[in-house]
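Atoms within each ligand, like the ligands themselves, are counted from 1 in listed order.
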Amino acid sequence: MITLALSKGRIFDDTLPLLRAAGIEVLEDPEKSRKLIIGTSRPDVRVVLVRATDVPTYVAHGGADLGVAGLDVLLENGEGLYRPLDLKIARCRMSVATRADFDYRAAVTQGSRIRVATKYTQTAREHFAAKGVHVDLIKLYGSMELAPLTGLADAIVDLVSTGKTLVANHLVEVEQIMEISARLVVNPASLKLRREPLRALIDAFERAVA
Ligand code: ATP
Ligand code: MG
């Protein structure tokens, strides 16, 4: 059995067409069913539904042979995974945003100090370290936009796609850190033990990526 870990929502929705192109139909809609293990038209392939941030954990520890996770998630928690393929889905960017009245340019001059709230502490730490800016990081798990508005932080590091959420909260995207997309990750031991079927599946994904 090959187990593929996916998260509900955009990762699942955007992976479906790739699976379909690989000749694999998922047998249930996770939004309608409460099942966490879903069969596919291939008797030897199943999908497990986990939180987006748990995908690397499942794959690294063998709870799944492979999985789809955003680069944002992998940079925070993706060690020990074989990362063969950019699926070019769930695309967005990792950016810094502040209130419109905050002088970001002045705040990031060498040697200064800035308070940043984010879910992506690893990525944020590396980004500001590379700029020579001292950063006080505040770890949040959601609703990051609120932090600059309430005075919790000067800036946030978050994912941006259309930018509508920022605009709705009177925030300005002041710097783009990197482009983000979802990657196919593979458990290295699975790849050794079941090279043939996994390689075939990875190749099918590769052909399906536009
Ligand atoms: P939850 O929303 O359940 O707390 P999550 O935010 O980790 O969990 P999703 O919102 O489904 O999960 O995001 C999954 C992945 O999709 C992210 O890790 C990222 O790679 C990508 N993603 C997140 N936000 C956006 C966005 N605004 N536009 C495009 N892709 C995004
Ligand atoms: Mg989300």
| query | Is the backbone of Thr57 close enough, under 3.5 Å, to the side chain of Asp54 for a donor and an acceptor to pair up by distance? | reply | no
| Quick one: which ligand 1 atoms are inside 4.0 Å of a heavy atom on Val73? | 18 (O)
| Listed by chain and number, what are the salt bridge (charged side-chain N to carboxylate O under 4.0 Å, His left out) partners of Arg20, not counting sequence neighbours? | Glu25
| note | The option among Arg91, Lys8, Arg10, Arg93 carrying the non-hydrogen atom nearest to atom 24 (N) of ligand 1 is Arg10
| Crowding at NZ, Lys131 (>12 non-hydrogen neighbours, <6.0 Å) | yes
| query | Is the number of heavy atoms from other residues, nucleotides or ligands under 6.0 Å of Lys139 NZ greater than 12? | reply | yes
| query | Are any of the heavy atoms in Ala182 under 4.0 Å away from ligand 1? | reply | no
| Does an N or O anywhere in Ser161 fall below 3.5 Å from an N or O of ligand 1? | yes
| field | Numbered atoms of ligand 1 (with element) below 4.0 Å of Lys119, judged on heavy atoms | value | 5 (P), 6 (O), 7 (O)
| task | Kindly write out the residues that satisfy salt bridge (charged side-chain N to carboxylate O under 4.0 Å, His left out) with Lys35, not counting sequence neighbours, or none if the list is empty. | result | Glu28
| field | Atoms in ligand 1 flagged as close to Leu159, the criterion being non-hydrogen separation under 4.0 Å | value | 19 (C), 22 (N), 23 (C), 24 (N)
| What atoms of ligand 1 come within less than 4.0 Å of a heavy atom belonging to Gly70? | 20 (O)
| said: If we only consider heavy atoms of Gly9, is any one of them less than 4.0 Å away from an atom in ligand 1? | reply: no
| field | Side chains of Tyr82 and Val185 in contact at under 4.5 Å (non-hydrogen atoms) | value | no
| note | Going by the 4.0 angstrom heavy-atom rule, the piece of Arg183 near ligand 1 is neither
| Pairing of Glu173 and Arg93 as salt bridge, 4.0 angstrom limit | yes
| field | Nitrogen or oxygen of Arg51 less than 3.5 angstrom from that of ligand 1 | value | yes
